[in-house]
Enquirer: 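Once you've had a glance at the structure underneath, I'll fire off some questions.
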Amino acid sequence: MNESDRVEWIPLSEVRGMIDRREIVSSGSLVGLLYVLVDGTTAFGPCPAAAWR
């Protein structure tokens with residue numbers, strides 16, 4: 001079971017920094033978010049956060 005301290009929408013451009021600062025540590029969240037960041041696309045088109053590559 002996954003638990004969370006809070007649930008909210010976060011812009012993808014902020015996700016990498018949150019992972020670096022260890023604000024996102026759940027393996028379930030990390031797998032999905034890292035996939036989107038590495039792949040560079042979302043269901044809505046290109047992912048602007050993929051520019052960090």
Enquirer: Indicate the atoms forming the closest heavy-atom contact of Leu30 with Val25, along with that distance.
Expert: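 Looking at all heavy atoms of both residues, the closest pair is CD1-O, 3.7 Å.
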Enquirer: Which distance, rounded to the nearest 0.5 Å, do you find between the CG of Leu33 and the CE of Met18?
Expert: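 Reported value, rounded in 0.5 Å steps: 9.0 Å.
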Enquirer: What distance do Ser27 atom OG and Leu34 atom CG have between them, rounded to the nearest 0.5 Å?
Expert: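 Between Ser27 OG and Leu34 CG, I get 11.0 Å after rounding to 0.5 Å.
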Enquirer: More than 12 heavy atoms of other residues, nucleotides or ligands under 6.0 Å from CZ of Arg22: is that the case?
Expert: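 12 or below, so no.
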Enquirer: Please report the interatomic distance CD1(Ile24) to CD(Glu14), rounded to the nearest 0.5 Å.
Expert: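 It comes to 9.5 Å.
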